[in-house]
Amino acid sequence: MAVDSGVSSPLGPPACEKDAKVLQFIEEMTKNTDSVQEKVLAEILTRNANTEYLQRFQVFGAVDRETFKSKIPVVTYEDLKPDIDRVANGDRSPIFSSHPITEFLTSSGTSAGERKLMPTIADELERRQKLYNLLQPVMNLYVPGLDKGKGLYFLFIKAETKTPGGLVARPVLTSYYKSEQFKKRPYDPYNVYTSPNETVLCVDYYQSMYAQMLCGLLMREEVLRVGAVFASGLLRAIRFLQLNWKQLSQDIASGTLNPRVSDPSIRKCISEMLKPNPQLAEFVVKECESENWEGIITRIWPNTKYLDVIVTGAMAQYIPLLDYYSGGLPKSCTMYASSECYFGLNLKPMCKPSEVCYTIMPNMGYFEFIPHDPVNPIQLSRDSPPHLVDLADVELGKEYELVITTYAGLCRYRVGDILQVTGFHNSAPQFKFVRRKNVLLSIDSDKTDESELQTAIENATALLLPYDTTLVEYTSFADTKTIPGHYVIYWELLVKDPSNSPSDELLNQCCLAMEESLNSVYRQCRVADNSIGPLEIRVVKSGTFEELMDYAISRGASINQYKAPRCVNFTPIVELLDSRVVSVHFSQSAPHWTPERRR
Ligand code: AMP
């Protein structure tokens with residue numbers, strides 16, 4: 001029920017007093033986009049005035065945009081890597097930030113095959129929390145009654161490591177879930193989870209997922225929304241239920257917890273809530289033993305009003321499967337964030353996936369935009385700095401690459417995301433996430449670019465040499481029809497001596513050789529998270545890639561400029577390739593991965 005708080009909001013009537021304040025804050029920030037941005041930049045430049053980085057570029061304590069823009073170069077991770085390595089190796093001097101670097105956040109973006117390390121400071125945690133605090137009040141505008149039940153969210157922490165200099169390196173969500181902000185969050189009736197903290201805070205994926213699923217089943221009638229951070233994570237939970245429902249229902253029937261869940265704090269908290277419930281166990285068996293899993297989410301959790309998962313960007317490929325399992329429930333994409341900085345939120349979280357746009361909150365960092373024209377990309381050079389557009393000045397309909405300056409000390413850093421302006425809330429622009437630059441293949445949080453794929457191909461094809469066999473052409477496809485999804489690589493081979501052709505066994509080894517060459521995020525998804533299945537090579541008939549070219553030319557491609565695509569997702573092309581497959585091969589074992597970085 002909406003309150004008459006005296007503070008109305010153009011976004012809609014707030015659900016409670018606390019929400020009214022939050023909505024008011026959103027209004028204030030978005031009405032004053034440019035002045036908030038100016039203030040944020042001045043704050044960042046003031047507090048970091050004595051850092052080595054700002055001094056290197058002779059900012060001399062200036063806090064105005066003109067000086068900042070004329071002196072500070074626009075950079076990528078590779079430009080910063082030498083300084084980041086110094087911090088990682090133990091240099092505690094103020095290189096990027098006047099505040100001490102508390103830890104590194106490991107991005108899913110990689111550099112030289114390893115996760116990028118993003119230095120962060122203590123108060124960034126509060127800033128992230130500030131953005132999280134905006135989400136629920138906005139959701140309450142669209143979905144009433146969320147205080148009458150719970151959210152079943154599948155949340156996980158991952159392994160962390162230490163850098164040679166002793167700083168912890170871990171993903172941003174692991175850092176957040178392990179923080180006091182999360183663990184001791186004040187009770188909010190609109191935001192109650194079925195998963196106790198203990199089940200989230202267990203690094204063993206099986207135990208954590210098992211316990212969270214069990215809690216979700218025990219509280220099935222209270223569940224009002226089901227979610228995970230990304231769509232792939234929610235589908236993995238469904239797959240987990242498919243594989244483990246028998247054991248889960250036995251636990252529910254007997255009131256005892258599966259001994260494979262050995263974490264003492266999980267066992268303690270589950271034992272307090274698990275009592276024999278044969279009726280519920282029978283229900284779970286009845287629903288799960290059926291071959292037909294269509295609508296399983298709404299059958300098991302009948303009061304679910306929506307799915308809370310990101311389905312924008314690379315996750316859009318999962319929409320059909322989510323619709324299948326949920327009977328087409330609305331999917332809400334609430335926020336847009338990264339390890340480097342949390343950016344903003346979706347002010348209409350119940351809109352269709354195709355209409356999702358994120359409003360960047362001007363208080364989160366200082367944002368600039370490189371106009372993006374895929375046909376004529378801007379060349380960035382230090383001698384003639386390009387004109388970057390400010391947040392308040394971006395134009396409707398145009399595409400831009402996002403550049404950020406953060407409190408933690410990243411200055412004019414290219415995130416690698418391409419965004420399109422689709423509207424404004426007050427003076428704050430709203431962006432559609434178009435894509436991440438240079439990502440060819442992605443199943444989960446992995447991002448494989450063209451050169452990584454090329455290197456993997458070269459390493460795998462080296463195994464063909466003794467067989468006098470060469471690779472004529474290749475392309476790839478992210479197959480997400482199965483859970484987990486997997487990479488498919490189409491190979492056209494030229495076997496020069498049919499009496500000495502590569503064996504099945506050898507082609508299986510080629511699959512593994514490719515996986516060994518892919519970046520550490522891919523290998524972690526494959527090994528530790530099981531969120532990517534074994535890589536598959538499909539060998540196609542000789543002449544297939546020529547047919548592909550004919551097809552492209554028949555659709556208007558220029559014969560002179562034609563290059564085989566390194567990734568395909570257009571259904572007729574995938575079908576053409578599949579119809580020419582002569583043999584299929586899979587990795588027979590998992591590639592190497594440990595939390596430690598390869599040096
Ligand atoms: P990471 O550095 O691993 O935290 O990943 C951050 C990246 O994930 C962003 O730069 C985006 O490319 C992507 N991302 C984050 N939020 C969204 C979203 N809501 N929709 C699409 N992509 C997103």
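Read the numbers this way: they start at 1 and go in the same order the structure lists the ligands and their atoms. Each residue takes its place number in the sequence, starting with 1. Owing to the predicted nature of the structure, the values given are computational and were not obtained by experimental measurement.
Ion pairing between a basic and an acidic side chain is recognised when a charged N comes within 4.0 Å of a carboxylate O; Asp390 and Lys69 show such pairing. For Lys178 and Glu103, the salt-bridge test fails: no basic side-chain N is under 4.0 Å from an acidic carboxylate O. Salt bridge absent: Lys437 and Asp449 never bring a charged side-chain N and a carboxylate O closer than 4.0 Å. Residues Asp529 and Lys158 are paired through a salt bridge, judged by an N-O separation under 4.0 Å between the basic side chain and the carboxylate. A salt bridge links Arg65 with Asp34: the distance from a Lys NZ or Arg NE/NH1/NH2 to an Asp or Glu carboxylate oxygen falls below 4.0 Å.
Residue, atom and distance of the protein heavy atom nearest to atom 3 (O) of ligand 1 are Ser108 OG, 2.5 Å. Residue, atom and distance of the protein heavy atom nearest to atom 7 (C) of ligand 1 are Arg436 NH1, 3.6 Å. Considering only non-hydrogen protein atoms, atom 17 (C) of ligand 1 sits nearest to Tyr336 CD1, 3.7 Å. Scanning all protein heavy atoms for the shortest distance to atom 20 (N) of ligand 1 gives Thr312 OG1, 2.6 Å. For atom 6 (C) of ligand 1, the nearest protein heavy atom (residue, atom name, distance) is Ser338 CB, 3.5 Å. Considering only non-hydrogen protein atoms, atom 10 (O) of ligand 1 sits nearest to Asp417 OD2, 2.7 Å. The protein heavy-atom contact nearest to atom 8 (O) of ligand 1 is Ala337 O, 4.3 Å.
Aromatic pair Tyr306/Tyr142: centroids not less than 6.0 angstrom apart.
Under 3.5 Å, the side chains of Asp417 and Tyr336 contain a donor-acceptor pair of N or O atoms. Between the side chains of Glu515 and Tyr522, at least one donor N or O sits under 3.5 Å from an acceptor N or O.
For a threshold of 3.5 Å applied to N or O pairs, the pair formed by Thr106 and ligand 1 contains no separation below that value. At under 3.5 Å, not a single nitrogen or oxygen of Lys447, backbone or side chain, sits near a nitrogen or oxygen of ligand 1.
Proximity of Phe343 to ligand 1 is not established, as no heavy-atom distance is less than 4.0 Å.
The aromatic rings of Phe156 and Tyr205 lie tilted to each other, with the angle between the two planes from 30° to 60°. Below 30°, between 30° and 60°, or above 60°: for Phe367 and Phe343 the angle between ring planes is above 60°, a perpendicular geometry.
When heavy-atom distances to ligand 1 are checked against a 4.0 Å cut-off, Met335 comes that close only through its backbone atoms N, CA, C and O. Contact annotation for Ser445 and ligand 1: no heavy atom of the residue comes within less than 4.0 Å of the ligand. Residue contacts with ligand 1, taken as heavy atom pairs separated by less than 4.0 Å, do not involve Leu105 at all. With a heavy-atom cut-off of 4.0 Å, Ile310 touches ligand 1 through its side chain alone.
The distance from ligand 1 to the heavy atoms of Ser339 drops below 4.0 Å at these ligand atoms: 1 (P), 2 (O), 3 (O), 4 (O). Proximity to Tyr358 (heavy-atom distance under 4.0 Å) selects the following atoms of ligand 1: 18 (C), 19 (N), 20 (N). Atoms of ligand 1 lying under 4.0 Å from at least one heavy atom of Val415, given by number and element, are 10 (O).
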Take Glu124 and Tyr407 through the side chain to side chain donor-acceptor pair (under 3.5 Å) test and state the conclusion after the steps. CA-CA 7 Å; Glu124 277 295 283; Tyr407 285 85; over 6 Å; no
